[in-house]
Amino acid sequence: MATQHHLRTPLTALKGYLSMSLEGDFGEVGQMLKEKLGFCFDSTNRLIKLVNEFLDLSKLQLGKDILDIKEASITEMLQDVIAEVKSEADKKGIYLTLTLPEQNIPLAMADPIKLREALYNLIDNAVKYTEKGGVAVRLIIENGKLKIVIQDTGIGMTAEEVKNVFSHQFERGEEAKKVYTLGRGIGLFIAANIITEHKGKVWAESPGRGKGSSFCLELATE
Ligand SMILES: Nc1ncnc2c1ncn2[C@@H]1O[C@H](COP(=O)(O)OP(=O)(O)OP(=O)(O)O)[C@@H](O)[C@H]1O
Ligand SMILES: [Mg+2]
């Protein structure tokens, strides 16, 4: 898409020149300027991430085929995401565990990069919205389908939130805003779109505010 190119090119240039300036490629940079350029660099990186997410989102909404489907290991994706989020869980002093089934785990037909992103968004949420206890991720094989349950002991959700949490209109829960102020309220929407594109199912459960949440997804293996 042409728009993609137009949005990404200037940002890439911006990031590149900021990085070179920081490295001193255009002359010596004083401490004060270095700090400010550093802020610009970090903001540019955040903006690039956001632009990429919105571009993915608009493509998903247009129904464009953005998935690159191949045989993929869900186990690897889960292990990978957990390794990435683990330090955040450790910092908070909460557990983050992965339980795999005893039986052989079939490969899934999936876009490993996109599905990993969806799993990342779900597991990252669980860790972000949990202050005590922790997050248990389980992979289960049920009726030939792969089921993933991400169960946390965190802030939980009201019945209203459970109902609306995946919709585009719903942005952020009141409690979530208090716990994690920087959220943008699009992670779940992106995750749900990716999972639906995979012809999978995703849903949320919670016994109520303060009582933890579970996010479940189901994927076909062929
Ligand atoms: N594990 C969870 N426990 C409780 N509430 C959750 C959980 N995951 C998501 N939510 C609720 O759903 C809302 C939307 O989640 P989503 O990931 O889309 O956005 P976010 O986490 O607020 O921001 P970001 O887009 O930066 O991820 C959250 O703000 C929160 O209210
Ligand atoms: Mg989130």
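Quick note: residue numbers are just sequence positions, from 1. Atoms within each ligand, like the ligands themselves, are counted from 1 in listed order. Values in this document were obtained by computation on a predicted structure and should not be read as measured data.
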*Asks:* Throw together a table of side-chain donor-acceptor distances under 3.5 angstrom for residues 23-31, partners on residues two or more places apart or in other chains.
*Replies:*
none

*Asks:* Counting heavy atoms only, which of Y180, Y129, F215 is nearest atom 20 (P) of ligand 1?
*Replies:*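 Answer by nearest heavy atom: Y129.
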*Asks:* Which bit of L188 gets closer than 4.0 Å to ligand 1, counting heavy atoms only: side chain, backbone, both or neither?
*Replies:*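 The answer is both, backbone and side chain.
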*Asks:* Using distance alone, determine whether I155 and ligand 1 share an N or O pair under 3.5 Å.
*Replies:*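 There is no such contact.
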*Asks:* When you measure from the Mg ion (ligand 2) to the N, O or S atoms of Y180, does any of those distances fall below 2.8 Å?
*Replies:*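 So Y180 does not count as coordinating the Mg ion (ligand 2).
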*Asks:* Would you mind checking which non-hydrogen protein atom is closest to atom 14 (C) of ligand 1, with the distance to 0.1 Å?
*Replies:*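 The closest heavy atom on the protein side is E171 O, 3.4 Å.
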*Asks:* Enumerate the atoms of ligand 1 whose separation from the nearest heavy atom of V165 is less than 4.0 angstrom.
*Replies:*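 Reading through ligand 1 atom by atom, the close ones are 11 (C), 12 (O).
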*Asks:* Quick test: of every protein heavy atom, which one is nearest to atom 5 (N) of ligand 1, and how far off is it to 0.1 Å?
*Replies:*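 Protein heavy atom at minimum distance: M157 CG, 3.6 Å.
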*Asks:* If the contact criterion is a heavy-atom separation under 4.0 Å, does G156 count as touching ligand 1?
*Replies:*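 Judged by the 4.0 Å heavy-atom criterion, G156 does count as contacting ligand 1.
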*Asks:* Among protein heavy atoms, which lies nearest atom 22 (O) of ligand 1, and at what distance?
*Replies:*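 Going by distance alone, atom 22 (O) of ligand 1 is nearest to R172 NE, 2.5 Å.
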*Asks:* Pick from I148, N125, L188, V149: which one makes a side chain to side chain contact (heavy atoms under 4.5 Å, CB included) with F215?
*Replies:*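 Filter result, single survivor: L188.
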*Asks:* Are D124 and K128 close enough for a salt bridge, meaning some N to O gap below 4.0 Å?
*Replies:*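 Salt bridge between D124 and K128, a charged N being under 4.0 Å from a carboxylate O: yes.
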*Asks:* Look up atom NZ in K147 and atom SG in C216, then write down how far apart they are to the nearest 0.5 Å.
*Replies:*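 Answer for the NZ-SG pair, K147 versus C216, is 5.5 Å.
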*Asks:* Does the distance from a Lys or Arg side-chain N to an Asp or Glu carboxylate O, for R209 and E160, drop under 4.0 Å?
*Replies:*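 Not counted as a salt bridge, because no side-chain N and carboxylate O are separated by less than 4.0 Å.
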*Asks:* Please determine if K145 and E142 form a salt bridge, counting it only when a charged side-chain N lies under 4.0 Å from a carboxylate O.
*Replies:*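 No.
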*Asks:* Any heavy atom of N121 sitting closer than 4.0 Å to ligand 1?
*Replies:*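 False for this residue.
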*Asks:* Is L33 linked to L22 within one hydrophobic cluster, defined over Ile, Leu, Val, Met, Phe, Trp and Tyr using a side-chain heavy-atom separation of less than 4.5 Å?
*Replies:*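 Yes; tracing contacts between hydrophobic side chains, which count when under 4.5 Å, links both residues.
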*Asks:* Atom 9 (C) of ligand 1: which protein heavy atom is closest, and how many Å away?
*Replies:*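 Among all protein heavy atoms, the one nearest atom 9 (C) of ligand 1 is N125 ND2, 3.5 Å.
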*Asks:* Give a yes or no on whether E131 atom CD has more than 12 heavy-atom contacts from other residues, nucleotides or ligands under 6.0 Å away.
*Replies:*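 Correct, the count exceeds 12.
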*Asks:* Taking 4.0 angstrom as the limit and counting only heavy atoms of G173, give me the atoms of ligand 1 inside it, by number and element.
*Replies:*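 Once the distances to G173 are compared, the set is 29 (O), 30 (C), 31 (O).
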*Asks:* Which heavy atom of the protein is the closest neighbour of atom 1 (N) of ligand 1, given with residue, atom name and distance?
*Replies:*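 Result: D152 OD2, 2.8 Å.
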*Asks:* Please could you name the atoms of ligand 1 that G183 approaches to less than 4.0 Å, counting only its heavy atoms?
*Replies:*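 Checking each atom against G183, I get 23 (O), 26 (O).
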*Asks:* Does the N or O separation between E161 and ligand 1 drop below 3.5 Å for any pair?
*Replies:*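 No, there is no polar N/O contact under 3.5 Å.
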*Asks:* Is the number of heavy atoms from other residues, nucleotides or ligands under 6.0 Å of Y17 OH greater than 12?
*Replies:*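 No, not enclosed.
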*Asks:* Ion pair present between E218 and K201, side-chain N to carboxylate O less than 4.0 angstrom?
*Replies:*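 A salt bridge links E218 with K201.
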*Asks:* Output the list of atoms in ligand 1 that are nearer than 4.0 Å to some heavy atom of A176, sorted by atom number.
*Replies:*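 By the 4.0 Å cutoff, the relevant atoms are 28 (C), 29 (O), 30 (C), 31 (O).
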*Asks:* Of the backbone atoms (N, CA, C, O) and the side-chain heavy atoms from C-beta on, which set of I186 has a member under 4.0 Å from an atom of ligand 1: side chain, backbone, both, or neither?
*Replies:*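 Both backbone and side chain.
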*Asks:* What is the closest protein heavy atom to atom 26 (O) of ligand 1, and at what distance does it sit?
*Replies:*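 It is R184 N, 3.0 Å.
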*Asks:* Less than 4.0 Å between a side-chain N and a carboxylate O, is that true for E197 and K114?
*Replies:*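 Answer for the salt bridge query: no.
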*Asks:* Does K211, at its NZ atom, have more than 12 non-hydrogen atoms belonging to other residues, nucleotides or ligands within less than 6.0 Å?
*Replies:*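 No, NZ of K211 has 12 or fewer neighbouring heavy atoms, counting only those of other groups under 6.0 Å.
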*Asks:* Run the numbers for me: atoms of ligand 1, each under 4.0 Å from some heavy atom of S213, listed by number.
*Replies:*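 Contacts of ligand 1 toward S213, numbered from 1: 3 (N), 4 (C).
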*Asks:* Salt bridge or not for D111 and K70, using N-O below 4.0 Å?
*Replies:*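 So D111 does not pair with K70 through a salt bridge.
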*Asks:* Distance to 0.1 Å, residue and atom name: give those for the protein heavy atom nearest to atom 23 (O) of ligand 1.
*Replies:*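 The protein heavy atom lying closest is G185 N, 2.9 Å.
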*Asks:* Just to be sure I read this right, does ligand 1 sit under 4.0 Å from the backbone of L182, its side chain, both, or neither, counting only heavy atoms?
*Replies:*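 No part of L182 is near ligand 1 at this cut-off.
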*Asks:* If you draw a 6.0 Å radius around NZ in K36, do more than 12 non-hydrogen atoms from other residues or ligands fall strictly inside?
*Replies:*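 Counting other residues, nucleotides and ligands, NZ of K36 exceeds 12 neighbours.
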*Asks:* Looking at ligand 1, does G154 have a heavy atom less than 4.0 Å from it?
*Replies:*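 Flag not set, G154 not near ligand 1.
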*Asks:* Numbering the atoms of ligand 1 from 1, which are under 4.0 Å from a heavy atom of A126?
*Replies:*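 Every atom of ligand 1 under 4.0 Å from some heavy atom of A126: 1 (N).
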